[in-house]
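Below is one structure, written out as structure tokens, with a few remarks after it.
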Amino acid sequence: MDVQNRNKALIAPLRAALYDFSAKSVRAALGDLMLADTPVRLCHPFGTVEGPGAFFEAAYAPLADAMPDLERADFIVMAGADEDGSQWVGCGGHYVGTFEAPFLGIPPSGQPAAMRYHEFFRFEDERIVEVQAIWDLPELMMQAGAWPMAPSLGREWRVPAPASGDGIVAGPYDPASSHRARDIVVAMLEAMKRHPREPAQAMNMPRFWHPRMSWYGPAGIGTCRQIKGFRHVHQIPFLNGMPDRGQYVDEITYHFFADGPYVAVTGWPNMIQTINADGWLGIAPVDKRITMRSLDFWRIENGRIRENWVLVDLLDMYRQIGVDVFARLAEMTKTRAMTRVSLPEDPAG
């Protein structure tokens, strides 16, 4: 078996344990895969922890308490080597459950909820030696009716799985198609970085993006379709608010890996820019240089990008500019009950 599919097989027991969640099985699966000092880089407000026990206690234990019927539904599982030869497995999907108890100060709804995640695992010698994970916490706030920041320009919904239905990438690993897919994404990003120093046409988006493209942004930005939708919902506001995007590439590191038609990129962080000019996401131009963490997936179809799943740690961005989203959340919800909410058991059932 090739190393990419061996690593996907190694992570399968953890995926199964998270699907039929129980604390015992998830703890055991994490312990089998991770080293005692594996760094786990989580989105704000979790921060970075070390080892499987700390990972479970910091993230999974409170989430499982909030959603007692918690399950994990993967829609992308892919693997590949980055430019340095490091082996990664990338997983994307939703944590799903009935939101019955408060989570990080987010009030429970008593209704089904879904929170998207992108999680990347770096393997060495059949063990996970690094984790990078972004959970779309703003999405959960929105479903609870408690998003305390500016409304999204794009569509907020439960982001779908790949339209092609092949996101759980099967083996054997195909180096040729994987390299072709990765090269398309790298070339697209290089073209994007030519703007605003060169005319907008330098991006040459129709060359890289399918006319029916879907861009699935994080909650707070939202989903858009077609190149014109992407430009109006995300690209134009992003560039107008942070026109120095792409000018600090020597200070950051990207890790690209691909598996058939799927490409992923990570970096912690992988963007540096300054919020000035027009501001961004309703934020005034604070003239503050920030770093951003983004874990992304692309799907290539007939030589162009058809779908792009993007998760950005927006809450960490707000933290850097001095906006405490959780404090605003607490003010917004202080008249709401922060107690367990659930349907009564039906004795006739």
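Keep in mind that the numbers below use all heavy atoms, side chains included, and drop hydrogens, waters and symmetry copies.
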Have [X] and [Y] got a donor and an acceptor in their side chains that come within less than 3.5 Å?
X	Y	answer
R225	S214	yes
W157	T223	yes
E139	W147	no
T98	D69	yes
R306	H210	yes
W88	D82	yes

Count the heavy atoms of every other residue, nucleotide or ligand shown that sit under 6.0 Å from [atom1] of [X], and state whether that count exceeds 12.
X	atom1	answer
H179	NE2	yes
Y19	OH	no
D84	CG	yes
R336	CZ	yes
D125	CG	no

Side chain [X], main chain [Y], donor-acceptor under 3.5 Å:
X	Y	value
Q143	A114	yes
T333	L329	yes
N270	S294	yes
R116	G93	no
T48	R41	no
W309	W215	no
E100	P68	no
D74	I76	no
D259	Y262	no

Checklist entry - Going hydrophobic residue to hydrophobic residue with side-chain gaps under 4.5 angstrom, can you get from L281 over to I321? => result yes
Does this structure show an ion pair linking [X] with [Y], if we count only N-O contacts that are shorter than 4.0 Å?
X	Y	result
D166	R299	no
D183	R180	no
D324	R319	no
E119	R72	yes
E301	R304	no

Item to check | From F257, F256, W268, residue fulfilling ring-ring contact (aromatic ring centres under 6.0 Å, His included) relative to F120 | outcome: F257
Next on the checklist: Quick one, F75 with H94, criterion ring pair (Phe, Tyr, Trp, His ring centres under 6.0 Å). Give me CA distance, side-chain angles, the key distance, then yes/no.
Outcome noted: CA-CA 8 Å; F75 57 60; H94 294 93; 5.5 Å; yes
Item to check | Reference residue L315; test side chain to side chain contact (heavy atoms under 4.5 Å, CB included); the match among P138, C43, P218 | outcome: P138
Next on the checklist: Can you tell me how far apart CG (L311) and CG (D136) are? Round to the nearest 0.5 Å.
Outcome noted: 5.0 Å
Next on the checklist: I need the I272 CD1 to I252 CD1 distance, nearest 0.5 Å.
Outcome noted: 5.5 Å
Checklist entry - Side chains of P148 and V325: closer than 4.5 Å at any heavy-atom pair? => result yes
With under 30° as parallel and over 60° as perpendicular, where do the rings of [X] and [Y] fit, or are they tilted in between?
X	Y	value
Y117	Y95	tilted
F55	Y60	tilted
F297	H118	perpendicular

Checklist entry - Where do K8 and D2 land on the salt bridge (charged side-chain N to carboxylate O under 4.0 Å, His left out) test, with the steps shown first? => result CA-CA 10 Å; K8 285 186 279 190; D2 55 73; over 6 Å; no
